[in-house]
Protein chains: 2
Amino acid sequence: MASQTVPQATAERLPLYYRTLQQLVANGKTRISSSKFGELVQIDSTTIRKDFSYFGALGRKGYGYDTQYLMDFLKKTLYQDELNRVILIGVGHLGTALLNHNFLKNNNTQIVRAYDVDPKKIGTEVSGTKVFAMDELAANDHHEIVAAILTVPAAHAQEAAEKALASGIRGFLNFSPTTLNLPENAYVRHVDMTVELQALIYFLNHSMETKNS
Amino acid sequence: MASQTVPQATAERLPLYYRTLQQLVANGKTRISSSKFGELVQIDSTTIRKDFSYFGALGRKGYGYDTQYLMDFLKKTLYQDELNRVILIGVGHLGTALLNHNFLKNNNTQIVRAYDVDPKKIGTEVSGTKVFAMDELAANDHHEIVAAILTVPAAHAQEAAEKALASGIRGFLNFSPTTLNLPENAYVRHVDMTVELQALIYFLNHSMETKNS
DNA sequence: TAAGGATTGTGAAATAAAGAACAAATGAAT
DNA sequence: ATTCATTTGTTCTTTATTTCACAATCCTTA
């Protein structure tokens with residue numbers, strides 16, 4: 001199976017490839033070479049060809065890649081040909097922003113329900129998504145849910161994640177600035193603006209010495 | 001200089017180390033071993049010791065690391081001992097959420113001004129930050145600004161980044177789902193929820209075959 | 001249909017990162 | 001003071017990722 005051999009680094013680039021191909025197809029481009037594509041995504045063309053090669057021969061020598069075909073292939077590979085249902089935990093500033101953001105526009109993803117502790121928010125609807133009480137989280141049936149988006153304060157993230165886990169959710173997109181301690185069968189991706197900003201500042205301050213090209 | 005030898009992977013872990021040390025200090029812990037610390041951040045203790053070793057001998061054999069000392073060291077290393085001024089471009093749902101988020105709480109970062117094209121937003125204040133017209137962006141003096149946070153629609157991200165660049169900004173935290181094409185002396189970090197969510201779903205669907213531990 | 005140019009797919013080499021293992025040094029206990 | 005357990009800093013090994021180089025193949029055009 002491809003899944004056993006596809007390197008992690010490759011898998012993490014697939015969404016970027018997919019998004020870029022969506023744009024190309026939308027713009028009417030029917031074919032593209034690995035070098036042109038590499039310029040678009042700012043990744044070496046050899047890396048791109050090797051990435052694709054893990055899934056077989058997706059291109060044609062002397063021609064390049066058919067954008068529509070490649071996009072459809074990645075769509076399936078990334079499970080974007082089916083609706084991905086997620087829940088959102090924590091309807092604060094960031095949570096509300098994510099609810100207002102229409103994930104369905106370019107992504108087959110839907111936030112089907114939200115959870116919060118605030119009685120003022122419970123029972124309301126934010127951008128078409130109903131807000132439920134946090135207490136219901138662990139009790140609800142979530143085996144149709146692929147992931148939980150965590151946008152709660154750091155102090156409550158672990159507890160919230162455990163409740164979601166108890167309801168059958170194994171995937172977490174963690175926006176809370178804390179490391180989650182979850183069992184092996186759970187999978188967490190961490191999005192941390194603070195970390196990104198600090199890393200950015202660090203590299204900016206060190207780029208003068210290292211970048212001499 | 002350390003900057004020439006610190007691997008990229010190490011540099012990207014420093015903010016996580018720093019945040020975790022802040023929590024330890026806040027909780028009154030005065031010392032910690034690399035193995036205990038490793039459990040907290042979920043990184044192998046050898047990796048942690050090696051990461052620290054690039055900056056010299058920060059610990060004491062048979063004792064571990066002094067949390068306060070290590071935190072202070074990372075604070076300086078990450079330039080968190082000085083105020084980092086940033087601007088925000090695009091006062092939509094996400095931009096507003098970031099303005100409402102108090103960066104100064106745990107981070108020495110301040111969003112000093114925001115920019116938008118919407119006449120209804122220009123001149124208003126969001127959470128204490130004034131919103132200016134996008135047209136003023138390129139003309140303003142931004143050499144005290146370390147980075148721009150981009151929260152505009154994908155179609156306008158490149159243009160907005162170029163204006164910010166023209167005003168003297170070299171660092172970008174890009175939340176727009178598009179690849180920015182900027183000169184060598186600019187540095188971009190991309191935060192893309194869609195990419196993260198797709199990667200998460202991919203790994204979840206492949207974890208059964210690969211994870212057998 | 002033949003020739004030439006373009007471009008992939010892939011082994012092999014190079015680079016980067018992570019992990020194992022352990023000597024050296026320190027702290028703690030008696 | 002001496003012993004013993006602890007834990008770092010670091011060398012060496014292993015693994016992962018990127019890049020190079022080029023044969024194989026296909027497209028295009030005359």
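- In this structure, Phe37(A) has its ring center closer than 6.0 angstrom to the ring center of Tyr17(A).
- Looking at Asn107(B) and Gln198(A), their side chains do bring a donor and an acceptor atom within 3.5 Å of each other.
- Ala164(B) and Ile89(B) make their closest contact through CB-CD1, 4.0 Å (heavy atoms, listed as atom of the first residue, atom of the second, distance).
- In this structure, Ile111(A) and Thr129(A) approach most closely via the heavy-atom pair O-OG1, 3.4 Å.
- Asp51(A) places its CG atom 11 Å from the P atom of dT19(D), with the value rounded to the nearest Å.
- A donor-acceptor contact shorter than 3.5 Å is absent between the side chain of Arg49(A) and the backbone of Ser34(A).
- Rounding to the nearest 0.5 Å gives a distance of 11.5 Å between CG of Asp51(B) and OG of Ser45(B).
- Between Leu165(A) and Ala186(A), the shortest heavy-atom contact is CD1-CB, 3.9 Å.
- Residues Ile145(B) and Val86(B) share a closest heavy-atom pair of CG2-CA, 3.8 Å.
- Taking 4.0 Å as the cutoff to heavy atoms of chain A, we find the contact window on DNA chain C bounded by dA6(C) to dA12(C).
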When every nucleotide of nucleotides 9-17 of chain D is labelled 5' to 3' by its protein contacts under 4.0 Å (heavy atoms), B for base, S for sugar-phosphate only, - for none, what sequence of letters results?
BBBB----S
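- Within residues 32-44 of chain A, the residues that have a heavy atom under 4.0 Å from DNA chain D are, in order of number, Asp44(A).
- Of the possible polar contacts, none joining the Asn27(B) side chain to the Lys29(B) backbone as a donor-acceptor pair under 3.5 Å is found.
- Two rings, from His142(A) and Tyr115(A), have their centers less than 6.0 Å apart.
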